[in-house]
Protein chains: 4
Amino acid sequence: MKKNKPKYHQIIDAAVIAIAENGYHQAQVSKIARQAGVADGTIYLYFKNKEDILISLFQEKMGTFVEKTSENIQTKSKAADQLRLLVENHFTLLTEDPHLAVVTQLELRQSNKELRLKINEVLKSYLLLIDQILQHGINSGEFRDSLNIRLARQMIFGTIDEMITTWVMNDQKYDLAASAQEAAEMLLNGFSMKKE
Amino acid sequence: MKKNKPKYHQIIDAAVIAIAENGYHQAQVSKIARQAGVADGTIYLYFKNKEDILISLFQEKMGTFVEKTSENIQTKSKAADQLRLLVENHFTLLTEDPHLAVVTQLELRQSNKELRLKINEVLKSYLLLIDQILQHGINSGEFRDSLNIRLARQMIFGTIDEMITTWVMNDQKYDLAASAQEAAEMLLNGFSMKKE
Amino acid sequence: MKKNKPKYHQIIDAAVIAIAENGYHQAQVSKIARQAGVADGTIYLYFKNKEDILISLFQEKMGTFVEKTSENIQTKSKAADQLRLLVENHFTLLTEDPHLAVVTQLELRQSNKELRLKINEVLKSYLLLIDQILQHGINSGEFRDSLNIRLARQMIFGTIDEMITTWVMNDQKYDLAASAQEAAEMLLNGFSMKKE
Amino acid sequence: MKKNKPKYHQIIDAAVIAIAENGYHQAQVSKIARQAGVADGTIYLYFKNKEDILISLFQEKMGTFVEKTSENIQTKSKAADQLRLLVENHFTLLTEDPHLAVVTQLELRQSNKELRLKINEVLKSYLLLIDQILQHGINSGEFRDSLNIRLARQMIFGTIDEMITTWVMNDQKYDLAASAQEAAEMLLNGFSMKKE
DNA sequence: TATGAATGAGATTTCATTCAT
DNA sequence: AATGAATGAAATCTCATTCAT
């Protein structure tokens, strides 16, 4: 299994840096190789092609994130708290790795449709996690019965994504994590029982 | 003024189709020219370079949309109604021009950072329109005083954008406009007075 | 006859300026037309193609020069004086028209082999004039009998040309005509009887 | 160092042939590559761009020539003999490499001003060599004290250059080297003491 | 395993020339 | 005679991938 060898991760981390520093289209395989301290050809011993590096990058980083977040939210019993934690975890992840933030929010989106479809495949587990929280909230009576889960999920993901992208575009110069609670509250407000 | 000549719009419309059908990187200038029914060189009588076509495309289509929507919402006195109209207009625009939907949601995002910055410039007027609605809602007492406008704007735009992108990625096979009202309600719910 | 119409010379003079100011490869037909104050298409009513402008330019300017010089030197009886006059006339011509100097010494040499062959054709009458002076000098006993005319002609033309080119490359900033007599003397020295 | 690898010289030699046979503007990179027996892209492993091939070509060929000639003339003690050797060496170099003669005398002069400035830079060492001979001749009393070195240098270079160019334009069909001695004598004659 | 030299397909843009008005 | 909008051919250079060592 290639994934267990140190060079596999070495190359992925090099790709994150190379893309963040040079931009998607200027991050040639040779630059990634140089950043990783290996020869160009070595890349192809660990990855099928350039696209494979990018998908693997996303899988490794996002996959790990979803797993951890999934575990984290099990510690909370209320859906509201779970959502709060999810937003916070997401913001914290990218705040702690500025290169990764640039890569996922700006650079990787320049990839072609085919690659983006594969990235979406990876994102599905994240969207599923959101769905679980929403379903749990409906079951527990925190959210209203009539909540359209697909719509709510798109609102959550769209909001988080837009917030992060704006923050990255502004050179990450303000404290993103500080807005996590407020964003969660506003979302939750939209999902709650109608007041009469 | 080049913009008043028929070939200017002819080429822009051809670009939308060529990009939608072939993808961003496969929409060569020669393909756009063929689609427009002009020679390759003619393109350069109306546009400085290829990037200029894409910027102009976005300005013409999105600029027109923002203008019209801006006028439309003046007919509504309540901020809630204005937001409902905004969402509906946006969904309708792209539902009625499937090619344009593909281009704005998927293909144009593959452009380089420089082009995306120019696109964002155009988007600013749209975000400003959203801000106006939100401010109006606060002033009229429809939305709570403490509403964080920047956050609310990101929620609105992020949600709309995510909904459209998902719809386009699913080959536009369901009725997007049908979700407009529901989406607007959920957003509005989040902005309303806290219930006790 | 096109050559008698004012626009013919208007276009040639415009070409000299356009080429001198923009360089050979940057002097597009449209620039020459603009400089001449006519439409692009008008050029083709007076010249077969772009090359034809350049050949005509050279013919008009150099042809006139050779004619005048030819007349001038008839006023001198000694070959040495004729040569002195020839050099002086050549230097004066280009000193008085800096644009023309740049065009003939630098820019027109960037043309392709075919055009340069045609330019050489025009130059032949100039070389013939030099030959006449040399033959006259031999006949009159001013130059030695054994003088190789072809060689002497190449020396004269090569020296003049190299002097002018260097002067143009140095932005015409020194007085070229001032060197005319000295250059002529040195050439004449080489042609004179061997001293014992 | 790229210059020590065999392909560097292989490509330069191919460029000389390709340019001589096709002309400057018809010697596309792909033709040079084919002539060199390498792929188009390989060219760019050894040269920055097409212009770099041409500059390097001139530097290698002319630079080597100046160096060798410089060494050669050290074997002669008299300035007159040194000049004779210089002319002979120059004529011999180009007589032995007809392709190179076409390239330096006709084709490379079609290059743009920027490239020609770089070529002139290389030529400076040649002109310096001529100056050394002239100065030596003055010091040794072979040439007259009052000799204008700049002028004499332009006469030497101009004459040699004109002779070669005419010879190349006439398809190199006569024996250029045979005229070397005669040309040198005529130049020397011009530099010698005035006879009384 | 690792290397890195070599490959070669592919696209934007310019500009001389034409021709309908 | 004059215009100028339209034409369309043509070439440099990049970079993902391979493969002999």
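Lettering follows sequence order; numbering is per chain, from 1.
Between Y44(C) and T42(A), the residue anchored closer to the 5' end of DNA chain E is T42(A), taking for each the nucleotide with the nearest heavy atom. Each of K50(D) and A39(C) has a nearest nucleotide on DNA chain F; the 5'-most of these lies closest to A39(C). Nearer to the 5' terminus of DNA chain E, by closest-nucleotide assignment, is the contact made by A27(B) (compared with the other of A27(B) and N49(C)). When each of L45(D) and D40(B) is assigned the nucleotide of DNA chain F bearing its nearest heavy atom, the one mapping closer to the 5' terminus is D40(B).
Regarding contacts with the backbone of dC15(F), every side-chain N or O of K31(A) stays at 4.0 angstrom or more from both OP1 and OP2. In this structure, K7(A) reaches the dA2(E) phosphate: one of its side-chain N or O atoms is under 4.0 Å from OP1 or OP2. For the OP1/OP2 pair of dA5(F) and a distance below 4.0 Å, the side-chain nitrogens and oxygens of Y46(B) include no atom meeting the criterion.
Atom CD in Q26(A) sits roughly 14 Å away from atom C1' in dA16(F) (whole-Å rounding). Rounded to whole Å, atom P of dA11(E) lies 15 Å from atom CG of L54(B). Spacing between atom CD1 of I43(C) and atom C1' of dC19(E) amounts to 17 Å, rounded to whole angstrom units. N22(B) has its CG atom 15 Å from the C1' atom of dG10(E), to the nearest Å. Rounding to whole angstrom units, NZ of residue K48(B) and P of dT12(E) are separated by 16 Å. One interatomic measurement links the two molecules: CZ of F47(B) to P of dA6(F), which rounds to 13 Å at whole-angstrom precision. With rounding to whole Å, I11(C) atom CD1 is found 12 Å from dA1(F) atom C1'. One can place CZ of R34(D) at 14 Å from P of dT7(E), the figure rounded to the nearest angstrom.
Although no hydrogens or angles enter the test, the distance criterion places a donor-acceptor pair under 3.5 Å between the side chain of N49(C) and the main chain of D52(C). A distance-only check finds a donor-acceptor pair linking the side chain of Q10(A) to the backbone of A36(A) [under 3.5 Å]. Proximity of a side-chain donor or acceptor of R109(A) to a complementary backbone N or O of R109(B) within less than 3.5 Å is not detected.
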Self-check item: K124(C)/E121(C) under salt bridge (charged side-chain N to carboxylate O under 4.0 Å, His left out): CA gap, chis, key distance, verdict
Solution: CA-CA 5 Å; K124(C) 270 195 182 150; E121(C) 209 55 43; 3.6 Å; yes

Quiz item: Are I119(D) and V122(D) close enough, and set up right, to give a side-chain contact (heavy atoms from CB on, under 4.5 Å), and what steps lead you there?
Solution: CA-CA 5 Å; I119(D) 285 177; V122(D) 179; 5.6 Å; no

Quiz item: Given V38(D) and Y46(D), is the side-chain contact (heavy atoms from CB on, under 4.5 Å) satisfied, shown in steps?
Solution: CA-CA 12 Å; V38(D) 300; Y46(D) 295 89; over 6 Å; no

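In DNA chain E, consecutive stretches of 3 or more Watson-Crick or G-U wobble pairs with both distances under 3.5 Å are given as paired ranges: E:2-21 with F:2-21.
Residue contacts for E51(D): at a heavy-atom cut-off of 4.0 Å it reaches no nucleic acid atom on any strand shown. If you check every strand for non-hydrogen atoms under 4.0 Å, V29(B) touches a base.
With dA16(E), dA11(E), dA1(F) as the choices, the nucleotide that has an atom nearest any side-chain atom of Q28(C) turns out to be dA16(E).
Ring planes of Y8(C) and F47(C): parallel class, angle under 30° (limits at 30 and 60°).
Nearest heavy-atom pair, L100(C) versus K61(C), reported as atom, atom and distance to 0.1 Å: CD1-CG, 3.8 Å.
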